[in-house]
Asker: 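Here you go, one structure.
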Protein chains: 2
Amino acid sequence: MDVTQRLAHNLRRLRQRKGWSQEEFAFRADIHRTYVSDLERGARNPTITVVDRLAMALDVKLGELLD
Amino acid sequence: MDVTQRLAHNLRRLRQRKGWSQEEFAFRADIHRTYVSDLERGARNPTITVVDRLAMALDVKLGELLD
DNA sequence: GTGTGACTTTCAGTCCGTG
DNA sequence: GCACGGACTGAAAGTCACA
């Protein structure tokens, strides 16, 4: 499984654990709502700065999203 | 320290531990030599697919490069 | 063996909407 | 609340010559 798919599954799992909608998650990470949707479907290849913001919003390490 | 700087330092440290030049590392990761130079100086904001290739070449987890 | 500026092409990332 | 599309702008990908 490639890294964008691993990210996709980790994002969805961790977001749902927080009980957030994609929209609320997007707001907290300061990322556009539609982009979060794309990421959770594995349809995008984000930069590390974006993934860093996602990790901070979820309060996890980058490795937990990507490994 | 931001994520591109953390990546920069981790890359240089792990590459040197392997005893590789930037050129040899670049070849192994299938990335251009000057791009590796840019990354080790924190001058680029790469996508996760690029960092994934770097991690595989170094035989480490993504988290070891970014956390 | 490495750093750097300049460059073109590709795609990250945003914003509008629809079912 | 989410998937998905179209259109757009800025930035990343990828390469080169030269110091």
Side-chain angles (χ1 to χ4, degrees):
Chain A
M1 193 157 76
D2 86 356
V3 64
T4 58
Q5 288 299 316
R6 294 201 303 274
L7 174 65
H9 292 127
N10 287 327
L11 283 179
R12 181 153 298 184
R13 181 173 49 81
L14 292 166
R15 173 178 66 81
Q16 290 178 336
R17 178 185 297 175
K18 292 275 194 182
W20 296 339
S21 67
Q22 289 181 352
E23 203 161 6
E24 177 162 7
F25 181 27
F27 176 77
R28 287 172 178 268
D30 195 25
I31 286 171
H32 202 271
R33 142 186 98 70
T34 60
Y35 198 59
V36 169
S37 169
D38 288 349
L39 290 174
E40 288 194 1
R41 284 179 293 118
R44 295 278 190 159
N45 178 29
T47 58
I48 59 175
T49 55
V50 165
V51 181
D52 196 44
R53 297 215 297 276
L54 297 166
M56 287 194 293
L58 289 166
D59 196 30
V60 297
K61 299 252 190 190
L62 270 159
E64 292 186 57
L65 292 179
L66 299 173
D67 284 337
Chain B
M1 192 158 74
D2 87 357
V3 63
T4 59
Q5 289 299 318
R6 296 201 303 274
L7 174 66
H9 292 128
N10 288 328
L11 283 179
R12 182 153 295 184
R13 181 173 49 80
L14 293 166
R15 172 179 67 80
Q16 290 177 337
R17 178 186 296 177
K18 292 275 193 182
W20 296 339
S21 66
Q22 288 183 354
E23 208 161 7
E24 176 162 6
F25 180 27
F27 176 77
R28 287 172 178 268
D30 195 26
I31 287 172
H32 199 273
R33 170 186 80 72
T34 61
Y35 197 65
V36 168
S37 170
D38 288 350
L39 290 173
E40 288 194 0
R41 284 178 295 115
R44 297 265 192 165
N45 179 28
T47 58
I48 58 175
T49 55
V50 167
V51 181
D52 196 43
R53 273 188 277 158
L54 297 166
M56 287 196 292
L58 289 167
D59 196 30
V60 297
K61 299 254 191 189
L62 270 159
E64 293 187 57
L65 292 179
L66 299 174
D67 282 335

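A note on names: the letters A, B, ... follow the listed sequences, proteins ahead of strands, and every chain is numbered from 1.
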Asker: Nearest whole Å is fine: how far is dA12(D) P from Ile31(B) CD1?
Answerer: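 Rounding to the nearest Å, CD1 of Ile31(B) and P of dA12(D) are 15 Å apart.
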Asker: Can you tell me how far the CD atom of Gln16(A) sits from the CG atom of Leu11(A), to the nearest 0.5 Å?
Answerer: 11.0 Å
Asker: Starting at OH of Tyr35(A) and ending at C1' of dC2(D), how long is that distance when rounded to a whole Å?
Answerer: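 After rounding, the reported distance stands at 18 Å.
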Asker: Hey, what do you get for CG (Leu54(A)) to CG (Leu66(A)), rounding to the nearest 0.5 Å?
Answerer: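 Leu54(A) atom CG to Leu66(A) atom CG measures 9.5 Å (nearest 0.5 Å).
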Asker: With side chains defined as the heavy atoms from C-beta onward, is the minimum distance between Thr49(A) and Asp2(B) less than 4.5 Å?
Answerer: no
Asker: Regarding Ser37(B), tell me which of base, sugar-phosphate or nothing describes its non-hydrogen contacts under 4.0 Å with the strands shown.
Answerer: base
Asker: Can you tell me the distance, in whole Å, between the CD atom of Glu23(B) and the P atom of dT15(D)?
Answerer: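 Checked: the CD to P distance equals 14 Å.
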Asker: Name the pairs: protein N/O against N/O of nucleotides 8-10 of chain D, kept only if under 3.5 Å.
Answerer:
none

Asker: Measure NE2/His32(A) against P/dA3(D) and give the value in whole Å, please.
Answerer: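 It works out to 15 Å between those atoms.
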Asker: If you measure from CG on Leu7(A) to CG on Leu62(A), what distance do you get to the nearest 0.5 Å?
Answerer: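 It comes to 10.0 Å.
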Asker: Treating Arg33(A) as the side-chain partner and Glu23(A) as the backbone partner, does any N or O pair qualify as donor plus acceptor under 3.5 Å?
Answerer: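 Absent.
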Asker: Could you tell me if the side chain of Leu58(B) sits less than 4.5 Å from the side chain of Leu65(B), heavy atoms only?
Answerer: yes
Asker: With a strict under 4.0 Å distance from non-hydrogen atoms of chain A, what nucleotide opens and what nucleotide closes the contacted stretch of DNA chain C, reading 5' to 3'?
Answerer: dA12(C) to dG17(C)
Asker: In this structure, are over 12 heavy atoms from other groups packed under 6.0 Å from Gln5(A) atom CD?
Answerer: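 Yes.
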Asker: Quick check: on DNA chain C, is the nucleotide nearest Glu40(B) upstream (toward 5') of the one nearest Asp30(A), or the reverse? Name the residue that is more 5'.
Answerer: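 Its nearest nucleotide being more 5', the pick is Glu40(B).
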Asker: Apply the test side-chain contact (heavy atoms from CB on, under 4.5 Å) to residues Arg12(A) and Gln22(A): give CA-CA distance (whole Å), side-chain angles for both, the deciding distance (0.1 Å), then the verdict.
Answerer: CA-CA 9 Å; Arg12(A) 181 153 298 184; Gln22(A) 289 181 352; 3.6 Å; yes
Asker: Donor-acceptor pair, distance only, cut-off 3.5 Å: does the side chain of Arg44(A) make one with the backbone of Leu39(A)?
Answerer: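 Judged by distance alone, no pair lies under 3.5 Å.
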Asker: How many Å lie between CD on Gln22(A) and P on dC4(D), as a whole number?
Answerer: 11 Å
Asker: Could you check how far CG of Asp38(B) sits from C1' of dA12(D), rounded to whole Å?
Answerer: 11 Å
Asker: Which ones in residues 42-67 of chain B lie close to DNA chain D, meaning a heavy atom under 4.0 Å from one of its atoms?
Answerer: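 Contacts with DNA chain D under 4.0 Å: Arg44(B), Asn45(B), Pro46(B), Thr47(B), Val50(B), Arg53(B).
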Asker: Can you pull out every side-chain hydrogen bond (donor to acceptor under 3.5 Å, both in side chains) where at least one residue sits in residues 52-67 of chain A? Sequence neighbours excluded, please.
Answerer: Asp52(A)-Arg6(B)
Asker: How many angstroms lie between CZ in Arg13(A) and CG in Asn10(A), if you round to the nearest 0.5 Å?
Answerer: 4.5 Å
Asker: Any idea which heavy atoms bring Ala8(B) and Glu40(B) closest together, and the distance?
Answerer: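 That would be CB-O, 3.5 Å.
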Asker: Is Glu24(A) salt-bridged to Lys18(A), going by a charged N under 4.0 Å from an acidic O?
Answerer: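 Not counted as a salt bridge, because no side-chain N and carboxylate O are separated by less than 4.0 Å.
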Asker: Please determine whether residues Trp20(A) and Phe27(A) belong to a single hydrophobic cluster, defined as Ile, Leu, Val, Met, Phe, Trp and Tyr linked transitively by side-chain heavy-atom distances below 4.5 Å.
Answerer: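 Different clusters.
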Asker: How close or far is atom P of dC2(D) from atom CZ of Arg41(A), stated in whole angstroms?
Answerer: 12 Å
Asker: Rounded to whole angstroms, how far apart are CZ on Arg33(A) and P on dC4(D)?
Answerer: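 Nearest whole value for this atom pair: 14 Å.
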Asker: How far does the helix from dT2(C)-dA19(D) to dG19(C)-dC2(D) bend, going by the axes of its first and last five pairs, to the nearest 10°?
Answerer: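 The end-segment axes of the helix from dT2(C)-dA19(D) to dG19(C)-dC2(D) are tilted 40° relative to each other.
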Asker: Among residues 8-19 of chain A, which residues get a heavy atom nearer than 4.0 Å to DNA chain D?
Answerer: Arg12(A), Arg15(A)
Asker: For Ala57(A) versus Phe25(A), what's the shortest heavy-atom pair and its separation?
Answerer: CB-CE1, 3.9 Å
